**Student:** 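Below you'll find the structure I mean.
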Amino acid sequence: MKNKISIHFLSHFARTGSTFFCDRLSRNERILIIPESKILTIISNEFCSIKKVDKKFIDILINKLYEDKKFLDYKFEKKNFKDFMQSSKINNWQDFFFNLCLYYRKKYKPNADIVVFKKKESSKYFLEFKNLFKNSKIIFMIRDPR
């Protein structure tokens with residue numbers, strides 16, 4: 001499953017054209033853009049505070065995700081999302097995030113094989129993610145000051 005899609009992180013500064021870039025990328029049938037939200041921060045923080053990943057922890061984590069207003073824009077039906085995540089093999093935040101990306105893909109663009117997660121500070125999570133998901137990539141966008 002890990003080799004079927006490639007997760008790309010889009011890390012950017014304000015006013016760099018990231019929205020325009022993502023709009024153009026999303027026109028490709030192979031590319032799915034996951035909109036910005038606080039999910040990486042929430043997921044990473046929660047995994048740092050636990051010792052054992054079980055169904056109760058997954059429930060608590062999903063409830064915290066639903067407190068993020070931008071996550072609600074994903075329009076996941078909570079019960080279906082919980083069922084999917086609890087049936088997935090999750091040992092760490094990277095697995096959780098990867099499975100979240102799979103769920104988003106299944107809902108919005110099932111044939112996409114490249115998933116791009118857009119978030120300003122996503123670069124701080126990238127190296128940890130790449131340790132487990134070797135085919136992941138990062139894209140940096142910097143504003144030209146001229």
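Quick caveat, the model's predicted, so the values are computed rather than measured.
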**Student:** Counting only heavy atoms not in Arg30, do more than 12 sit closer than 6.0 Å to its CZ atom?
**Tutor:**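 No.
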**Student:** Taking all heavy atoms of Ile90 and all of Phe47, pick out the closest pair and write down the distance.
**Tutor:**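 It is CG2-CZ, 3.8 Å.
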**Student:** Are Leu40 and Ile42 connected into the same hydrophobic cluster when the rule is that any two of I, L, V, M, F, W, Y join if their side-chain heavy atoms are below 4.5 Å apart?
**Tutor:**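 Yes, it is one cluster - the side chains of Ile42 and Leu40 are joined through contacts under 4.5 Å.
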**Student:** Which atom pair, heavy atoms only, marks the closest approach of Phe97 to Ile39?
**Tutor:**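 Scanning both residues, the minimum pair turns out to be CE1-CD1, 3.8 Å.
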**Student:** Does Lys106 reach the main-chain N or O of Pro110 with its side chain, forming a donor-acceptor pair under 3.5 Å?
**Tutor:**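 Pair absent, no side-chain N/O of Lys106 close to backbone of Pro110.
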**Student:** Can you tell me if OH on Tyr108 sees more than 12 non-hydrogen neighbours from other groups inside 6.0 Å?
**Tutor:**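 Yes, OH of Tyr108 has more than 12 neighbouring heavy atoms, counting only those of other groups under 6.0 Å.
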**Student:** Is the NZ or CZ atom of Lys78 both under 6.0 Å from the centre of the six-membered ring of Tyr66 and within 45° of that ring's axis?
**Tutor:**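 Yes, Lys78 sits over the ring of Tyr66.
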**Student:** Should Ile34 and Ile5 be counted in the same cluster of Ile, Leu, Val, Met, Phe, Trp and Tyr side chains packed under 4.5 Å apart?
**Tutor:**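 Same cluster.
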**Student:** Roughly how far, to the nearest 0.5 Å, is NZ of Lys64 from CD1 of Ile62?
**Tutor:**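 One gets 13.0 Å once the value is rounded to the nearest 0.5 Å.
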**Student:** When you check the side-chain N and O atoms of Asn99 and Lys89, is any donor under 3.5 Å from an acceptor?
**Tutor:**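 Side chains of Asn99 and Lys89: no pair found under 3.5 Å.
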**Student:** Hydrophobic clustering (ILVMFWY, side-chain heavy atoms < 4.5 Å, transitive) - are Phe96 and Phe9 grouped together?
**Tutor:**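 Result: yes, single cluster for both.
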**Student:** When hydrophobic residues are tied together by side-chain contacts of less than 4.5 Å, even through go-betweens, does Ile114 share a cluster with Phe21?
**Tutor:**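 Result: yes, single cluster for both.
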**Student:** With side chains defined as the heavy atoms from C-beta onward, is the minimum distance between Phe126 and Ser11 less than 4.5 Å?
**Tutor:**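 Answer no - side chains too far apart.
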**Student:** Strictly distance-based, threshold 3.5 Å: is any side-chain N or O of Lys107 a donor or acceptor partner for the main-chain N or O of Lys75?
**Tutor:**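 Looks like yes, one N/O pair under 3.5 Å.
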**Student:** Which of these passes side-chain contact (heavy atoms from CB on, under 4.5 Å) with Tyr103: Phe98, Tyr74, Phe76?
**Tutor:**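 Answer after filtering Phe98, Tyr74, Phe76: Phe76.
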**Student:** At their closest point, which heavy atom of Pro35 faces which heavy atom of Tyr104, and how far apart are they?
**Tutor:**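 Shortest heavy-atom separation between Pro35 and Tyr104 comes out as CD-OH, 3.1 Å.
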**Student:** Nearest 0.5 Å, please: how far is CD in Gln94 from CG in Asn131?
**Tutor:**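 Interatomic distance, Asn131 CG to Gln94 CD, rounded to 0.5 Å: 7.5 Å.
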**Student:** Is it true that a side-chain atom of Ser18 and a backbone atom of His12 form a donor plus acceptor pair closer than 3.5 Å?
**Tutor:**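 Flag not set: sc Ser18 to bb His12 has no pair under 3.5 Å.
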**Student:** Check the angle between the aromatic planes of Phe71 and Phe81 and answer parallel, tilted or perpendicular using the 30° and 60° thresholds.
**Tutor:**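 Phe71 vs Phe81 ring planes: tilted.
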**Student:** Using only heavy-atom distances, determine whether the side chains of Lys118 and Thr19 contain a donor-acceptor pair under 3.5 Å.
**Tutor:**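 Lys118 vs Thr19: donor-acceptor pair found between side chains.
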**Student:** Nearest 0.5 angstrom please: Leu72 CG to Ser37 OG, how far?
**Tutor:**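 Here the rounded value is 10.0 Å.
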**Student:** Any idea which heavy atoms bring Phe57 and Lys52 closest together, and the distance?
**Tutor:**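 That closest heavy-atom pairing would be CB-O, 4.2 Å.
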**Student:** Nearest 0.5 angstrom please: Leu61 CG to Ile50 CD1, how far?
**Tutor:**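 The CD1 atom of Ile50 is 9.0 Å from CG of Leu61, to the nearest 0.5 Å.
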**Student:** Are the side chains of Val53 and Asp95 in touch, meaning some heavy atoms are under 4.5 Å apart?
**Tutor:**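 They are not in side-chain contact.
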**Student:** Over 60° means perpendicular and under 30° means parallel, so classify the ring planes of Phe133 and Phe129, tilted if in between.
**Tutor:**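 Rings of Phe129 and Phe133: parallel, as their planes differ by under 30°.
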**Student:** Any ion pair linking Glu121 and Lys119 (charged N to carboxylate O, less than 4.0 Å)?
**Tutor:**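 Salt bridge: yes.
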**Student:** What distance separates Ser123 OG from Ile139 CD1, expressed to the nearest 0.5 Å?
**Tutor:**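 Atom-to-atom, Ser123:OG and Ile139:CD1 are 12.5 Å apart.
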**Student:** Can you tell me if Arg105 uses its side chain to pair, donor with acceptor, with the backbone of Val115 under 3.5 Å?
**Tutor:**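 No; zero donor-acceptor contacts below 3.5 Å.
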**Student:** Do other residues, nucleotides or ligands put more than 12 heavy atoms under 6.0 Å from Lys82 NZ?
**Tutor:**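 Yes, the 6.0 Å shell around NZ holds more than 12 heavy atoms from other groups.
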**Student:** Do we see a donor-acceptor contact under 3.5 Å between the side chains of Trp93 and Glu46?
**Tutor:**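 Side chains of Trp93 and Glu46: no pair found under 3.5 Å.
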**Student:** With distance as the sole criterion, is a donor-acceptor pair present between the side chains of Ser44 and Tyr125 under 3.5 Å?
**Tutor:**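 No donor-acceptor contact under 3.5 Å links the two side chains.
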**Student:** Picking from Leu32, Ile33, Val116, what satisfies side-chain contact (heavy atoms from CB on, under 4.5 Å) with Ser26?
**Tutor:**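 With Ser26 as partner, side-chain contact (heavy atoms from CB on, under 4.5 Å) holds for just one option, Ile33.
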**Student:** Which atoms form the tightest heavy-atom contact between Glu36 and Lys120, and what is the distance?
**Tutor:**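 So the two residues come closest at OE1-N, 4.0 Å.
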**Student:** Are side-chain heavy atoms of Asn135 and Ile7 found at a separation under 4.5 Å?
**Tutor:**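 When only atoms from C-beta onward are counted, Ile7 and Asn135 do not touch, as no gap falls below 4.5 Å.
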**Student:** Please find the pair of heavy atoms, one from Arg15 and one from Arg143, that lie closest to each other, and give the distance.
**Tutor:**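 Shortest heavy-atom contact: O-CD, 3.3 Å.
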**Student:** Cut-off 3.5 Å, side chains only: do Asp59 and Gln86 have a donor facing an acceptor?
**Tutor:**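 Present: a donor and an acceptor within the cut-off.
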**Student:** Do Leu127 and Phe140 share a hydrophobic cluster (ILVMFWY, side-chain heavy atoms under 4.5 Å, transitive)?
**Tutor:**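 Yes: a chain of side-chain contacts under 4.5 Å links Leu127 to Phe140.
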**Student:** Atom CG in Asp113, atom CD1 in Ile31: separation rounded to 0.5 Å?
**Tutor:**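 Taking CG in Asp113 and CD1 in Ile31, the distance rounds to 8.5 Å.
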